[in-house]
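Comments concern the structure below.
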Amino acid sequence: MLSPLIWLPLIGALVIGLVPNLSAKQAKLGAIAVSSAILAWTAVLMVNFDLSQPGLQMQEYHTWIPTLGISYSLAIDGLSLPLVALGSLITIIVASNGEVGLKPGETLQRPQLFYSLLLIVNSGVAGAFLAQNLLLFFLFYEVELVPFYLLILIWGGQKREYAAMKFLIYTAISGILILAAFLGVAWLGHSASFDYSDINTSVLPQNVQLILLTLVLIGFGIKTPLVPLHTWLPDAYVEASTPVAILLGGILAKLGTYGLVRFALGLFPETWKLVAPGLSIIAAVSILYGALSALAQHDIKRMVAFSSIAHMGYVLLGAAALTPLAMVGAVSQMVAHGLILALLFYLVGLVESKTGTRDRDILNGLLNPIRGLPLTSALLILAAMASAGIPGLAGFVAEFLVFQGSFSTFPIQTLVAILGTGLTAVYFVILLNRTCFGKLDNYTAYYPRVKFTEYVPALVLTALIFWLGVQPTWLVRWSEQTTKSLVTAAIPQVEQVAFNSVDRS
């Protein structure tokens, strides 16, 4: 049941890219059709997913290169399913709105190549979330590198060449470190294959485990990204076009956090406990640095980019704490942050396309109907509230679970994270006060009207953020059993009291 998630977008990409002389409309309709099929198939998987099972489900296994220990091994569990669903949703949003962020009169250049690369990205990311062989995961992990490089380079802003090359170098280093760690795990552990279920790191001396774990942490820390490995992110997010920024923030960063939980924690549970205090400090620094940096930005797209660094810190803090609540919160934060960041980037793209600027000091009065963007502004306010962790929205649920689960283990780091949430509210209040409110510089500036079809993706994301905020069970139910098994693998004697509190919620 899982292979269609990989091969369907790949076939669609080949058809759209290789059929000659497709019009922009035909290429877009093809991408929408393929991404709709992917989303529908994901819904089928979610209906057939057994929530009571913590382990892998719907497994597929085919021998590929047995002499090298490489197999085509796929499976899904409560860690990967929410992220696959997130990727499917983000893909159809981008496919149906590839022109978002363009100025009036502009058209999407080279649409066939754009939509083909979009579907290749979806295929690679889905494959990475589903792969149960370390080298198969690495293959999918690297597959999305070139498409993202081209998406930034071709459709990016003025400094796109610099941003794309920086992204390529950082991501390549990330891949090299991860590959070195995977080879070391299999070779030093004398494993006959690279299948995840066959890897046993407990036979390795602890100092060797520590070295391999460090490689994995740095590799996925670059992709997440975590301070001080984050410097590629602001350039890539800002220079990328709006649809590509949505892909980067909504999908790509989640590969990093997924890798931290699946491979760093999953393969090295005992050693993870040793490095967890240091990871919690990195998480706190990332949260504080991201929030303070966002506070200093005048470009609202750059502000959202730095806010992403802070919010990824919440995921690391939850994973480092290794309590059931914190782990559920970490996975929930991946999903909630993907939805919120996609909404923020989408709205920033709308504002830029209609007003021609992203400078918060130039924009003013967008909520005033005289500007013609009151609904855009209202949605931007709600997205900011969700990012700031206001109760009733998805961001609050995820952050509250992380804070509640982490405080007993890392109280100081958790307090720093809570301070970071406060700073998030501060810079978003400043942003909204100057852009949506504020004194009008003139009463005649009426920006181009936003079509209803342009609002649809934002309304869908807003509805999901609101629904998951008032029905948090729908956010945590998918990952609860799997995260519980990850925690008990590292701390077998973990108390289940915290889980009971989740059940009651």
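Heads up: numbering here begins at 1 and tracks the sequence.
- Considering CG of L136 and CG of L74, their distance stands at 6.5 Å, rounded to 0.5 Å.
- Surrounding CD of E161 are at most 12 heavy atoms belonging to other residues, nucleotides or ligands under 6.0 Å away.
- How far CG of L341 is from CD1 of I246: 9.0 Å, rounded to the nearest 0.5 Å.
- Although no hydrogens or angles enter the test, the distance criterion places no donor-acceptor pair under 3.5 Å between the side chain of E352 and the main chain of G349.
- No donor-acceptor pair under 3.5 Å is formed between the side chain of Y115 and the backbone N or O of G17.
- Closest of all the heavy-atom pairs between S280 and L317 is CB-CD1, 4.1 Å.
- In this structure, K301 does not pair ionically with D359, as no charged nitrogen and carboxylate oxygen lie closer than 4.0 Å.
- Panel note: side chain T171, backbone L168; no donor-acceptor pair is recorded below 3.5 Å.
- With sequence neighbours excluded, the residues that form a ring pair (Phe, Tyr, Trp, His ring centres under 6.0 Å) with F396 are F400.
- Using a 4.5 Å heavy-atom cutoff, the side chains of R262 and S80 are in contact.
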- Task: Go through the steps to decide whether L316 and T224 satisfy the test side chain to side chain contact (heavy atoms under 4.5 Å, CB included), and finish with yes or no.
- Result: CA-CA 9 Å; L316 182 62; T224 298; over 6 Å; no
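- Between the side chain of Y427 and the backbone N or O of V304, no donor-acceptor pair lies under 3.5 Å.
- Across M312 and P225, no two heavy atoms sit closer than the pair CB-O, 4.3 Å.
- The shortest side-chain heavy-atom distance between V47 and V44 does not fall under the 4.5 Å cut-off.
- For I430, the CD1 atom is densely surrounded, since the number of other residues' heavy atoms within 6.0 Å is greater than 12.
- I251 places none of its side-chain heavy atoms less than 4.5 Å from the side chain of L86.
- Across every non-hydrogen atom of R360 and M303, the tightest pair is NH1-CE, 3.4 Å.
- With a 4.5 Å cut-off on side-chain heavy atoms, T231 and Y170 count as touching.
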All N/O donor-acceptor pairs, side-chain side in residues 141-156, below 3.5 Å, sequence neighbours left out:
{"from": "Y141", "atom 1": "OH", "to": "S174", "atom 2": "OG", "distance (Å)": "2.8"}
{"from": "E144", "atom 1": "OE2", "to": "K223", "atom 2": "NZ", "distance (Å)": "3.1"}
{"from": "W155", "atom 1": "NE1", "to": "Q109", "atom 2": "O", "distance (Å)": "2.7"}

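- Taking both residues in full, the closest heavy atoms of L279 and A320 are given as CB-CB, 4.0 Å, listed atom of the first, atom of the second, then distance.
- Using the six-membered ring where Trp is involved, F49 and W478 have ring planes that are tilted, between 30° and 60° apart.
- Taken from CG in L363 to NE2 in H298, the straight-line distance is 13.0 Å, to the nearest 0.5 Å.
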- Message: ring pair (Phe, Tyr, Trp, His ring centres under 6.0 Å), that's the test. Do Y314 and F403 meet it? Break it down for me.
- Response: CA-CA 9 Å; Y314 298 138; F403 298 155; 5.7 Å; yes
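- A side-chain donor-acceptor contact under 3.5 Å links T257 to the backbone of K254.
- The local environment of CZ in F466 is sparse, with at most 12 non-hydrogen atoms from other residues, nucleotides or ligands closer than 6.0 Å.
- Counting non-hydrogen atoms of other residues, nucleotides and ligands closer than 6.0 Å to CD of E106 gives a total above 12.
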- Item | Pair S123-W7, side chain to side chain contact (heavy atoms under 4.5 Å, CB included): steps then yes or no | CA-CA 7 Å; S123 175; W7 295 105; over 6 Å; no
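- In summary, D235 and K159 do not engage in a salt bridge, as defined by a charged side-chain N under 4.0 Å from a carboxylate O.
- Note that CD of E480 is 11.5 Å distant from CG of L475, once rounded to the nearest 0.5 Å.
- The pair E239-K166 does not meet the salt-bridge criterion, since no charged nitrogen lies less than 4.0 angstrom from a carboxylate oxygen.
- When all heavy atoms of V100 and T242 are compared, the closest pair comes out as O-CB, 3.6 Å.
- With rounding to the nearest 0.5 angstrom, the CG atom of N433 is 11.0 Å from the CG atom of N364.
- Between Y258 and F220, the gap from one ring centroid to the other reaches at least 6.0 Å.
- Side-chain N or O atoms of W232 include one that pairs as donor or acceptor with a backbone N or O of I222 at under 3.5 Å.
- Among the candidates L247, L8, I38, the single residue satisfying the side chain to side chain contact (heavy atoms under 4.5 Å, CB included) test with N122 is I38.
- With hydrogens and angles disregarded, no donor-acceptor distance shorter than 3.5 Å links the side chain of S387 to the backbone of A383.
- S377 contributes a side-chain N or O that, together with a main-chain N or O of L366, makes up a donor-acceptor pair within less than 3.5 Å.
- Side-chain contact check for L343 versus T462: some heavy-atom pair is nearer than 4.5 Å.
- For an aromatic pair to be called close, the ring centres must be under 6.0 Å apart, and F129 with F137 fails this.
- Counting only heavy atoms from C-beta outward, the side chains of L89 and L461 approach each other to under 4.5 Å.
- Between L288 and L419 there is a side-chain heavy-atom pair separated by less than 4.5 Å.
- For the atom pair I6 CD1 and I11 CD1, the distance stands at 11.5 Å (nearest 0.5 Å).
- Within the 4.5 Å cutoff, side-chain heavy atoms of L226 are placed close to those of L260.
- The minimum heavy-atom distance between A291 and G420, with the atom names listed, is CB-O, 4.1 Å.
- Of the possible polar contacts, none joining the R434 side chain to the I362 backbone as a donor-acceptor pair under 3.5 Å is found.
- Here the side chain of S88 pairs no donor or acceptor atom with the backbone of L39 at under 3.5 angstrom.
- Using a 3.5 Å distance cut-off with no hydrogens or angles, the side chains of Y289 and H230 do pair a donor with an acceptor.
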